[in-house]
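Proteins come first, then strands; the chains are lettered A, B, ... in the order of their sequence lines, and each starts at number 1.
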Number of protein chains: 2
Amino acid sequence: MATLREIAELASVSVATASRVLNGSAQHHPVSRDVQASVRAAAQTLGYTPSAPAQALKQQRSKIIGVIASDILDPYFAEMTRGIEIEAAKYGYVTILANANRDPDQERTKFRVLREHQVSGIIFCGSDIEGSPGTAELAREVNLAVRSGTRVVALAPRGFDSTKIVIDNVAAAHELTRYVLSLGHRNIAFIGGIPGLSAAEQRIDGYRAAMFEEQAHPHVLGLSGMSQESGKDAVTQLIASGPLPDAIVCANDEVAVGVLAHLWGSGYKTPDDVSVVGIGGARSGAVFGLTTMTLPLVELGGLAARYIATAGTSPEVPAAPRFELHVGSTSAPR
Amino acid sequence: MATLREIAELASVSVATASRVLNGSAQHHPVSRDVQASVRAAAQTLGYTPSAPAQALKQQRSKIIGVIASDILDPYFAEMTRGIEIEAAKYGYVTILANANRDPDQERTKFRVLREHQVSGIIFCGSDIEGSPGTAELAREVNLAVRSGTRVVALAPRGFDSTKIVIDNVAAAHELTRYVLSLGHRNIAFIGGIPGLSAAEQRIDGYRAAMFEEQAHPHVLGLSGMSQESGKDAVTQLIASGPLPDAIVCANDEVAVGVLAHLWGSGYKTPDDVSVVGIGGARSGAVFGLTTMTLPLVELGGLAARYIATAGTSPEVPAAPRFELHVGSTSAPR
DNA sequence: GTAGCAGTGGAGAACGTTTTCCATTACGCT
DNA sequence: AGCGTAATGGAAAACGTTCTCCACTGCTAC
């Protein structure tokens, strides 16, 4: 690996000049045209590659954005991390992806490791796991870091005081439920009550509010997790407990896919027998033509990445982007 | 952030000693019990965190594994990256995830960026994109790096001479097709011919070989990509072109899911009307009870990560783990 | 008694950058 | 002529580690 010193030697200039031309601030300290050219030529022939660690050491900050995802396999978070990665790359940043396996202790460990790497900022993709003992400790540690200047962004409701960019889950579920009501349905079930998961709880609130507005009776089915599998389980239970409702609002698209798969497999038709809608925007529902409240997850991740990459330049916290209804073929008027 | 110098000062020892106790090789150069204790105490009270960039600079190698994924959203690669992440963490490594958007030029760019970060090794998740102009240039660059000592591992058939850990796609498809034949089916279609994608081509070869062995006529349907959407398109075409075959072998689980969704949505039953099987092991097919040839993607990623993390200690290239048939409810005897 | 050696500690030179000073030149003014 | 100033270049000190020497202490073995 060629170093600045070698470049400087070949171009017969000082290391300082080589640095100014290749990586540095040629605007703060001008370098003449021809010297620039010869340095660049030298760099070209020697195949110069700057050393990121050396730069990071010197500037006390590496051009890395740390991402802690609750579950890397969940399309919901995968989508966000992708948005982060793409936007970060535009600013010359790179992302370290750490998976927390939905465990606050692992989140804490990864948080530490990321700080060791002097990352420019850390993004949390995923909600609090309440009731878990490590949650409080994580919060303490994150708060400490935030106060000492580390940029931390949470892309979900979180119990620590970092910057937060969150989608309004209440409003999304509310609007979605209103849409279903507007189709004429009144007997509408909600699948996806997960105790302690704030995002899910907020969606339930939105659903409830919309139902109350139309004097319809809310009916919430509990779930063990936001997965296709548990969607399947829930709808199995729903079928067993009597006639199907007019429509089913699912807490997210994964759940909706599980619901649809089971319904179709059991001989039910959507939207003829029942309308099914989801919340998400990950692509998993596309194959079923799922009606869903699309959440701009990629944009959300991008905003967080940009917020960190442009720290200092533009300190204002961006507002979360707005969700959007995508009408598919799994919902229809009553 | 506390530094070694501060620790040393507090514990009234030299920086060298502090380093030896906290990060270093206390075995190469012994440090007395009580000095160790006081250094550790000092580190504790000051909240010492080693600086990864400084370490990386000194040792010319950071404890980072670079991962270049063809498509971060594809569950197939997501699974691998997860395996990499988990195994890497066991060795104190962290992973930088770069998305290449199935574009060799982006792969090249990311490859460079990763090298700038002095990563310990780089893992490619994803096949060659043949016909694309950047492929040759990428190969040249990778080969150069490999020759100069960079550890590169490809987890798919690749046109450059890095270490490769690849699943035997031919054998997997062959075995899967033999299983379908063993159920008594003879009219078996294969969905998933993607020109230039070596993994897909190898699976076709395996399918063909098995069909020939039983004197059955292979029938391969082309595809524009390995996605649910294109699976749907292909089966639409299949339905339009006459009676359904006895069974459909899909190039991967994503395609199979698309096929199943469309079949179920069109009123066909599996396995009554047609058996459908896939290749994958990502979880996407689980909700349909898909019969699939499970590929140990997580393990595969883990092997690659370990290979890089233990460089020097164990230089031998691990063999790829073996696939395994998972029989679900979408296939049945004729 | 002294050479050799294991055990323990410290000084200081890297690693490759960035950046703050300082030095030199050239120029436009008075 | 003298001087302020912009343009351009270099020397050298950091940044936080690791690690190679080197130094000192007690030993043991002759």
Chemist: What integer distance in Å separates A:H117:NE2 from D:dG16:P?
Modeler: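 In whole Å, D:dG16 P lies 17 Å from A:H117 NE2.
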Chemist: So, using side-chain hydrogen bond (donor to acceptor under 3.5 Å, both in side chains) as the criterion, who are the partners of A:T45 when residues are at least two apart?
Modeler: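 Per chain and number, A:T45 pairs via side-chain hydrogen bond (donor to acceptor under 3.5 Å, both in side chains) with no residue.
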Chemist: For a quick test of your reading: what N or O donor-acceptor pairs under 3.5 Å do the side chains of residues 88-98 of chain A make, sequence neighbours left out?
Modeler:
| from | atom 1 | to | atom 2 | distance (Å) |
| --- | --- | --- | --- | --- |
| A:K90 | NZ | A:E87 | OE1 | 3.2 |
| A:Y93 | OH | A:R61 | NH1 | 3.3 |
| A:T95 | OG1 | B:L97 | O | 3.3 |

Chemist: Specify the separation, in whole Å, of atom CG of B:L57 and atom P of D:dA14.
Modeler: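 Atom CG in B:L57 sits about 17 Å away from atom P in D:dA14.
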Chemist: List in numerical order all residues of residues 43-55 of chain B for which some heavy atom is under 4.0 Å away from an atom belonging to DNA chain D.
Modeler: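 Residues of residues 43-55 of chain B under 4.0 Å from DNA chain D: B:Y48, B:T49, B:P50, B:S51, B:A54, B:Q55.
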Chemist: For the helix from C:dG1-D:dC30 to C:dT30-D:dA1, what angle lies between the axis at the first five pairs and the axis at the last five pairs, to 10 degrees?
Modeler: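 Helix axis angle between the two ends: 50°.
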Chemist: What pairs with B:Q55 under side-chain hydrogen bond (donor to acceptor under 3.5 Å, both in side chains), at least two apart in sequence or on another chain?
Modeler: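 side-chain hydrogen bond (donor to acceptor under 3.5 Å, both in side chains) list for B:Q55, sorted by chain: empty.
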Chemist: Here's a test of your reading of the structure: between B:R5 and A:D34, which maps to the more 5' nucleotide of DNA chain D?
Modeler: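 In this pair, the answer is A:D34.
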Chemist: If you measure from the Lys or Arg side-chain nitrogens to the Asp or Glu carboxylate oxygens, is any gap between A:E107 and A:R102 under 4.0 Å?
Modeler: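 Looking at A:R102 together with A:E107, the answer is no, because their closest N to O distance does not fall below 4.0 Å.
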Chemist: Once you round it to whole Å, what is the distance between P of D:dG16 and CD of B:E9?
Modeler: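 Nearest whole value for this atom pair: 13 Å.
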Chemist: Send over the distance from B:M1 CE to D:dG16 P, rounded to a whole Å.
Modeler: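 Roughly 11 Å, once rounded to whole Å.
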Chemist: For B:H28, answer base if it contacts any base atom (sugar-phosphate contacts may also be present), sugar-phosphate if it contacts only those atoms, and nothing otherwise; contact means non-hydrogen atoms under 4.0 Å.
Modeler: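 No contact.
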Chemist: Under the criterion salt bridge (Lys or Arg N to Asp or Glu O under 4.0 Å), I'd like the reasoning laid out for A:E9 against A:R5: C-alpha separation, chi angles, the key distance, then a yes or no.
Modeler: CA-CA 6 Å; A:E9 216 156 280; A:R5 212 179 51 73; 3.1 Å; yes
Chemist: List for me each residue that meets salt bridge (charged side-chain N to carboxylate O under 4.0 Å, His left out) alongside B:E137, sequence neighbours excluded, and say none if there are none.
Modeler: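 Once residues adjacent in sequence are excluded, the partners of B:E137 under the salt bridge (charged side-chain N to carboxylate O under 4.0 Å, His left out) criterion are B:R108, B:R140.
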Chemist: Tell me which one of A:L114, A:T109, A:T81 satisfies side-chain contact (heavy atoms from CB on, under 4.5 Å) with A:I68.
Modeler: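 So the option named by the test is A:L114.
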Chemist: Expressed in angstrom and rounded to an integer, what is the separation of B:K58 atom NZ from D:dT20 atom C1'?
Modeler: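 My rounded result for the distance is 9 Å.
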Chemist: State which residues pass side-chain hydrogen bond (donor to acceptor under 3.5 Å, both in side chains) with B:D71; sequence neighbours excluded, sorted by chain then number.
Modeler: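 Here no residue qualifies.
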Chemist: If you take any heavy atom closer than 4.0 Å to DNA chain D, which residues from residues 11-20 of chain A end up in contact?
Modeler: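 Result for residues 11-20 of chain A: A:V13, A:S14, A:A16, A:T17, A:R20, sorted by number.
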Chemist: Under a 4.0 Å N-O cut-off, is there an ion pair linking A:D103 with A:K110?
Modeler: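 The answer is no: the pair does not qualify as a salt bridge.
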Chemist: Going by the rule side-chain hydrogen bond (donor to acceptor under 3.5 Å, both in side chains), which residues pair with B:T150 if we only count those two or more places apart in sequence or in a different chain?
Modeler: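 Scan of B:T150 (side-chain hydrogen bond (donor to acceptor under 3.5 Å, both in side chains), adjacent residues dropped) gives B:R115.
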Chemist: Taking the minimum atom-to-atom distance to the side chain of B:T3, which one of D:dG16, D:dT18, D:dC21 wins?
Modeler: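 Within the option list, the nearest is D:dG16.
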Chemist: May I ask you to test the A:R82-B:N101 pair for a side-chain heavy-atom distance under 4.5 Å?
Modeler: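 When only atoms from C-beta onward are counted, B:N101 and A:R82 do touch, with a gap below 4.5 Å.
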Chemist: Can you name the residues that form a salt bridge (charged side-chain N to carboxylate O under 4.0 Å, His left out) with A:R40, not counting sequence neighbours?
Modeler: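 By the salt bridge (charged side-chain N to carboxylate O under 4.0 Å, His left out) rule, A:R40 matches no residue at all.
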Chemist: When the distance from CG of B:L22 to C1' of D:dG16 is rounded to whole Å, what number comes out?
Modeler: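 Between C1' of D:dG16 and CG of B:L22: 13 Å.
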Chemist: What is the distance, to the nearest angstrom, from the NE2 atom on B:H29 to the P atom on D:dT20?
Modeler: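 Whole-Å distance recorded here is 11 Å.
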Chemist: Identify the two heavy atoms, one from A:A304 and one from A:V153, that lie closest to each other, and give their separation to 0.1 Å.
Modeler: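 For A:A304 and A:V153, the tightest heavy-atom pair comes out as CB-CG1, 4.0 Å.
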Chemist: So where does chain B start and stop touching DNA chain C, 5' to 3', when the test is distance under 4.0 Å to a non-hydrogen atom?
Modeler: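 From 5' to 3', the first and last contacting nucleotides are C:dT8 to C:dG16.
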Chemist: Within this structure, what is the NZ-to-P distance between B:K63 and D:dT18, rounded to whole angstrom?
Modeler: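 Distance, rounded to whole Å: 11 Å.
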Chemist: What residues form a ring-ring contact (aromatic ring centres under 6.0 Å, His included) with B:Y48, not counting sequence neighbours?
Modeler: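 So B:Y48 forms no ring-ring contact (aromatic ring centres under 6.0 Å, His included) with any residue.
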